Novice: 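Supplied in structure tokens, the structure appears directly below.
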Amino acid sequence: MHCEPVQAAMRSCPYCETLFAPRRRWEAFCSSKCRLAFDVDRGAQGRVVSVRRLRRGVSVVVHLHGPAAERALNFTPGETVNLVKRP
């Protein structure tokens, strides 16, 4: 009896969120292009929505676009970070 691939065997690519059937058990990305893009994520672009001065700092709201938006900023409360704006 021949079995068709089941929907449960499908995975979502962590970069582009496309559903794909992995050929190997450990395969996480749908293509090598997505795997490389995930490692060197330079495609995240966003728009500054608001900037507000606070007593001890600044509050910035940025709307990010594209599949990299969720990974673009990963902060931990209390962590010191450097933000750089391209000229």
Side-chain angles (χ1 to χ4, degrees):
M1 179 195 240
H2 178 67
C3 296
E4 293 294 321
V6 198
Q7 183 69 18
M10 301 293 282
R11 287 189 188 164
S12 176
C13 177
Y15 184 73
C16 67
E17 299 177 1
T18 300
L19 284 177
F20 72 102
R23 289 174 284 184
R24 294 173 190 84
R25 202 174 6 162
W26 57 85
E27 195 170 24
F29 297 94
C30 65
S31 68
S32 59
K33 183 178 178 180
C34 281
R35 185 181 69 245
L36 291 172
F38 186 83
D39 292 337
V40 186
D41 214 348
R42 298 178 191 213
Q45 293 184 353
R47 184 172 62 88
V48 176
V49 177
S50 70
V51 178
R52 214 173 62 172
R53 287 196 183 275
L54 305 174
R55 288 185 192 162
R56 293 185 172 182
V58 177
S59 170
V60 180
V61 176
V62 179
H63 286 185
L64 299 169
H65 309 287
E70 292 179 25
R71 294 182 308 281
L73 300 173
N74 186 13
F75 297 133
T76 305
E79 177 183 26
T80 301
V81 296
N82 294 323
L83 300 176
V84 179
K85 177 184 174 186
R86 283 192 267 171

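Nothing here was measured: the structure is a model prediction, and the numbers come from that model.
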Novice: Give the table of side-chain donor-acceptor pairs shorter than 3.5 Å for residues 20-30, with sequence neighbours excluded, one pair per line with atom names and distance.
Specialist:
unit_1	atom_1	unit_2	atom_2	d
E27	OE1	R23	N	2.6
E27	OE1	R24	N	3.4

Novice: Hydrophobic cluster mates of V49, side-chain heavy atoms under 4.5 angstrom, ILVMFWY only, any path?
Specialist: V61
Novice: When you group the ILVMFWY residues by side-chain heavy-atom contacts below 4.5 Å and let the links chain together, are L54 and V60 in the same group?
Specialist: no
